[in-house]
Protein chains: 2
Amino acid sequence: MIPNEELTVEAVAQHLGITARTLHYYEEMGLIEPTCRTAGGHRLYDEKVVRKLEHIMRLKENLGYSLSEIRHLLDVETSLDGIRASLNNRDVSVDVRLRQLEDAKRSLQGLLSQIDGKLENLKSMQQRYQERLNRTETLLERLESQAVTTNEGK
Amino acid sequence: MIPNEELTVEAVAQHLGITARTLHYYEEMGLIEPTCRTAGGHRLYDEKVVRKLEHIMRLKENLGYSLSEIRHLLDVETSLDGIRASLNNRDVSVDVRLRQLEDAKRSLQGLLSQIDGKLENLKSMQQRYQERLNRTETLLERLESQAVTTNEGK
DNA sequence: ACGCTTCCTTACGTTGACGTTAGGTTTATG
DNA sequence: CATAAACCTAACGTCAACGTAAGGAAGCGT
């Protein structure tokens, strides 16, 4: 994959297994932006947006987040990056940055505790269904051997 | 919690943090059934249904399953229980049972691989956000000490 | 230059999972 | 036994997350 390649909307959509409409919708919702447009107005994306979209899809599919919740999280992340980038900028007061950082911390902690909860739930479900599968497999083997002997008896 | 207690629709809903409408809807979709009705037609549930509902909610919230997917899974589970219960019933042919068992096995394997995938995804997300939180916390501490010294200098 | 595909914007349609009335019945309680 | 609270069925409303269609412009291969 060539870096800085400019991808059309269909290219991105196909790569991610979604549709162009979804990209447009995410743009409407303020989740993504095309990196640039052609003279005629066609959208062009780059690798960075693709990674962001993969991130969005993980948040959706693994945590069941709504698009507005995802937007909030992305805002938190970019806010953090912004603070990091402007650390030696005297124009931003320390107080403002402290508030932003504490908001970000709370958001991240909330997210992490949700992830922890999901992990626990998933592990117990995994165990439960693994046991069920094991029982099913032993039962299946018993019935298979029974079917064989039945056929042999013919 | 007294076993075999008969719970009204509101009691169940409150216990689970959902609404009566949701219970009715799940009944419409074939996910649950009240264990019985009063003479006047009011629904009554027992502990078993409550556990089933908790199971349903886990499938929804942790795996993002739709109600029809959940219905399918529940059907598989009851089918398995049915086979187990009628093992010494000669009326059911071995062939039929074998097919049902193999279907069930496939469904369970699919579910388990989905769970595995989610677990992996969640773990990597957990790591990513944990690192982000750590960086945020160290940054916060740095800024806090900075704010303190600034105030001291006044 | 021309045809075909891709993309644009705008706008209405759809689907799942409930929420919300409405009008009438049942059940619990003083 | 009356009456308020909970419940019933049936039906329409809602919201997020897209799907789909229309009419026109842009890109591109030859």
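Throughout, protein chains are lettered first and strands after them, A, B, ... in sequence-line order, and every chain is numbered starting at 1.
- Between A:Glu6 atom CD and C:dT6 atom P the separation is 19 Å, expressed in whole Å.
- Each of B:Gly40 and B:Leu67 has a nearest nucleotide on DNA chain C; the 5'-most of these lies closest to B:Leu67.
- At least one side-chain heavy atom of A:Asn134 sits under 4.5 Å from a side-chain heavy atom of A:Gln130.
- Residue A:His42 has its side chain nearest to D:dA26 when only D:dA26, D:dC7, C:dT20 are considered.
- A heavy-atom distance below 4.5 Å is not found between the side chains of A:Tyr26 and A:Val49.
- Atom CZ in B:Arg21 sits about 12 Å away from atom C1' in C:dG16, given to the nearest Å.
- Atom CD in B:Glu27 sits about 11 Å away from atom C1' in D:dC8, given to the nearest Å.
- With rounding to whole Å, A:Leu7 atom CG is found 15 Å from C:dC7 atom C1'.
- Between B:His24 and D:dT9 there is no side-chain polar atom (N or O) within less than 4.0 angstrom of OP1 or OP2.
- One atom, CG of A:Leu31, and another, C1' of D:dA16, lie 13 Å apart when rounded to the nearest Å.
- Nearest to the side chain of A:Thr38, among D:dG27, D:dC8, D:dC12, sits D:dG27.
- Between B:His55 and A:Arg128 there is a side-chain heavy-atom pair separated by less than 4.5 Å.
- Between A:Arg84 and B:Leu139, some side-chain heavy-atom pair lies under the 4.5 Å cut-off.
- A sub-4.0 Å separation between OP1 or OP2 of D:dT9 and a side-chain N or O of B:Arg37 is present.
- Which of C:dA11, D:dC7, C:dC18 sits closest to the side chain of B:Thr22 comes down to C:dC18.
- Listed pair B:Arg43 / D:dC8 meets the phosphate criterion, a side-chain N or O lying under 4.0 Å from OP1 or OP2.
- Here the side chain of A:Thr19 is nearest to one of C:dG19, D:dG19, C:dC7, namely D:dG19.
- Picking from C:dG19, D:dA16, C:dT9 the nucleotide with the shortest atom distance to the side chain of A:Tyr25 gives D:dA16.
- For A:Glu28 and D:dA16, the CD to P distance is 13 Å, given to the nearest whole Å.
- Distance CG (B:Leu53) to P (C:dC18): 11 Å, rounded to an integer number of Å.
- With rounding to whole Å, A:Glu69 atom CD is found 14 Å from D:dA17 atom C1'.
- Residues A:Glu77 and B:Tyr129 form a side-chain contact, since some pair of their non-hydrogen atoms from C-beta on lies under 4.5 Å apart.
- Nearer the 5' end of DNA chain C, as judged by each residue's closest nucleotide, is the contact made by A:Glu10, out of A:Glu10 and B:Lys60.
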